[in-house]
Amino acid sequence: MKVLVVGGGGREHALCWAIAKSPKCKKLYCAPGNAGIAEVAECVDIGAEDVDAVLDFARKQAIDFVIVGPEAPLVAGLVDRLEEANIKAFGCSGKAAELEGSKGFMKDLCAKYDIPTADYQRFDEPDAAKEYIIRKGAPIVVKADGLAAGKGVILCHNQNEAFAAVDHMMSERVFGDAGDQIVVEEFMTGEEASFFALVDGKTALPLVSAQDHKAAYDGDKGPNTGGMGAYSPAPVVTPELTDRIMETIVKPTIDGMAKEGRPYKGILFVGLMIDENGPRVLEYNVRFGDPECQVLMMRMKSDALDALLAAAEGRLDKISLEWHDDAAMIVVMAAEGYPGHYEKGSEINGLDAAKAIDGVTVFHAGTKSDGNRVLANGGRVLGVTARAPSVADAQKLAYRGVDAIDWPQGFCRRDIGWRAIARK
Ligand code: AMP
Ligand code: GLY
């Protein structure tokens, strides 16, 4: 079959890498892709958010199956448009993507269907929000309702910070329309984990567990990023906890979405906070996590294309997923300065040496080719990924891969996986 993957980050490289191995995949395209993706797919110069151009390309090339990586085209209704044109697609509808696209919607859904999450209230004007903050006290969390490129959540340690966050979003409108409505919620403590399930509207199939590191620097210090590394399995998510997450969170979410007239299909990514009272929802995402997707694809033994097709075709009750027992770890190499200002265009060497290490795969997140050279072209640039019998072994191997790469303008954390390794 002819397959098109939409997106151009590390997540899409991992998806393309896994899908290209399927005997069913006769031709693989990626829009827009990157220098690493170009090794396994034909990259087409169409931005992931250009819904019209993606649709047009899919029609003209008679694509059989489109897999949408990032949230923005999902929120913009790409899957609805493809399905109207009778093109099969993996991902949720625009209406279902509200789960990620609106914090207010997601909180109300949890409240209505009794899904555990932080206490909250929604506001559309600053004074009421500030009164609530005074009443509840700090620490407290202020969230822009809409998509804000991962920056719309402000953890406030005192009342002044919380007031400033409200003003930042509602008066200064730093996130534009996304901050016209806000959610103010209880500050939760515990251990975070990323939980993923394939969903076909009715059936949900959990994937293996994963955990990422959001902070930019070692010791989980520094500013929040999209994720500086990840590993699977995440020991905090025991088999018993998986059952509990499925029963108390994933199933009621899927049932609730169906009842709301927004049946959910695609990948459901639940960001969890786990404490002694159990798991609670921090957020939902309607896409695979990045970099979690890379470790999941490294561990997936089943044919990834088959699994994604089963979700799109409503056949998840007929399949089961197989996984490698090995652990996987990804270490993200980012451009110096990320997540703040960084330069593009520096040259990366040593990629072949890293890839030559048995068990290591290098996923490209933000790269482009220039003749034979590979240049940095983003904040998060590479994901050096390893599979090995334990998280500790995968860590050793991943850092061997990192050390083989010659890129003076890049940096990475040196402690990815510390939490899992410390538990042993
Ligand atoms: P979100 O985009 O809602 O997941 O928020 C991004 C990050 O902010 C999460 O991964 C958490 O680390 C943190 N966070 C969000 N909401 C809360 C909360 N209610 N309590 C504590 N931390 C939070
Ligand atoms: N790594 C977390 C995310 O993709 O949002």
Side-chain angles (χ1 to χ4, degrees), residues 7 9-12 14-15 69-72 74 99-107 110 116-121 133 136-157 161-162 165 169 175 178-179 182-196 207 209-216 220-232 234 267-275 277 279-297 329-332 334 339 363 365 379-380 383 385 413 416 419:
R11 166 183 51 212
E12 288 77 22
L15 290 171
E71 66 279 11
L74 294 168
L99 213 45
E100 175 164 357
S102 165
K103 299 276 187 210
F105 172 80
M106 154 277 157
K107 296 299 292 189
C110 289
T117 187
D119 281 341
Y120 75 106
Q121 204 158 308
I133 289 165
K136 290 287 172 181
I140 198 156
V141 183
V142 178
K143 299 186 172 185
D145 183 80
L147 293 178
K151 299 196 173 69
V153 172
I154 305 185
L155 307 180
C156 308
H157 303 283
E161 281 179 21
M169 291 178 193
F175 306 124
I182 63 168
V183 167
V184 181
E185 74 175 28
E186 170 197 356
F187 188 100
M188 295 191 279
T189 53
E191 187 166 344
E192 285 186 48
S194 306
F195 193 88
F196 297 90
L207 309 189
S209 60
Q211 216 160 358
D212 76 342
H213 289 267
K214 291 203 169 60
D220 290 326
K221 302 245 162 50
N224 244 354
T225 71
M228 292 299 291
Y231 50 93
S232 171
I267 184 83
L268 181 68
F269 167 3
V270 191
L272 294 170
M273 185 70 92
I274 300 161
D275 67 9
N277 296 316
R280 290 197 281 171
V281 179
L282 274 169
E283 63 167 345
Y284 294 104
N285 295 297
V286 297
R287 52 178 174 78
F288 277 103
D290 186 344
E292 292 94 323
C293 182
Q294 291 85 314
V295 288
L296 295 175
M297 289 303 127
M329 177 173 299
I330 176 166
V331 177
V332 169
F363 293 117
R380 291 190 292 173
T385 313
R413 280 182 57 162
I416 300 302
R419 211 185 277 275

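Everything quoted here is computed from the prediction, not taken from an experiment. What you see below is based on every heavy atom in this structure, not just the backbone, and it leaves out hydrogens, waters and symmetry mates. Just so you know, residue 1 is the first one in the sequence shown, and it goes up from there. Just follow the structure's listing: the first ligand is 1, and inside any ligand the first atom is 1.
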> Can we say Asp220 and Lys214 salt-bridge, meaning some charged N sits less than 4.0 Å from an Asp/Glu carboxylate O?
Replying inline: no
>> Salt bridge or not between Lys136 and Asp119? Use side-chain N to carboxylate O under 4.0 Å.
In response: no
Given 3.5 Å as the limit, does a donor-acceptor pair link the side chain of [X] with the main chain of [Y], or not?
X: Thr117; Y: Val281; value: yes
X: Arg380; Y: Gly9; value: no
X: Asn285; Y: Arg287; value: no
X: Ser209; Y: Ala234; value: yes

>> Checking contacts here: is it the side chain or the backbone of Met188 that comes within 4.0 Å of ligand 1, counting heavy atoms only? Could be both or neither.
In response: both
> With a 4.0 Å heavy-atom cut-off (strictly under), which part of Leu155 contacts ligand 1: side chain, backbone, both or neither?
Replying inline: side chain
Tell me, which protein residue and heavy-atom name are nearest [atom], and how many Å apart are they?
atom: atom 4 (O) of ligand 1; answer: Glu283 CD, 2.6 Å
atom: atom 8 (O) of ligand 1; answer: Val153 CG1, 3.7 Å
atom: atom 7 (C) of ligand 1; answer: Asn224 ND2, 4.1 Å
atom: atom 17 (C) of ligand 1; answer: Leu282 CD2, 3.3 Å

> Any N or O of Glu192 that comes nearer than 3.5 Å to an N or O of ligand 1?
Replying inline: yes
> With only distance considered, is Val141 within less than 3.5 Å of ligand 1 through an N or O on each side?
Replying inline: no
Do [X] and [Y] have side-chain atoms, one donor and one acceptor, less than 3.5 Å apart?
X: Gln294; Y: Thr385; result: no
X: Glu191; Y: Gln211; result: yes
X: Glu186; Y: Tyr120; result: no

If the cut-off is 4.0 Å to any non-hydrogen atom of [X], which atoms of ligand 1 fall inside it?
X: Lys143; answer: 3 (O), 15 (C), 16 (N)
X: Glu185; answer: 16 (N), 17 (C), 18 (C), 19 (N)
X: Phe187; answer: 20 (N)
X: Lys214; answer: 10 (O)
X: Lys103; answer: 1 (P), 2 (O), 3 (O)

>> Rounded at 0.5 Å granularity, tell me how far CD in Glu100 sits from OH in Tyr284.
In response: 12.5 Å
>> If the criterion is any heavy atom closer than 4.0 Å to an atom of ligand 2, which residues make the list?
In response: Asp212, Gly226, Phe269, Arg287, Gly289, Asp290, Pro291, Glu292
> With sequence neighbours left out, what residues match Phe195 under ring pair (Phe, Tyr, Trp, His ring centres under 6.0 Å)?
Replying inline: none
> Which heavy-atom pair separates Cys156 from Ala165 by the least distance, and what is that distance?
Replying inline: SG-CB, 3.9 Å
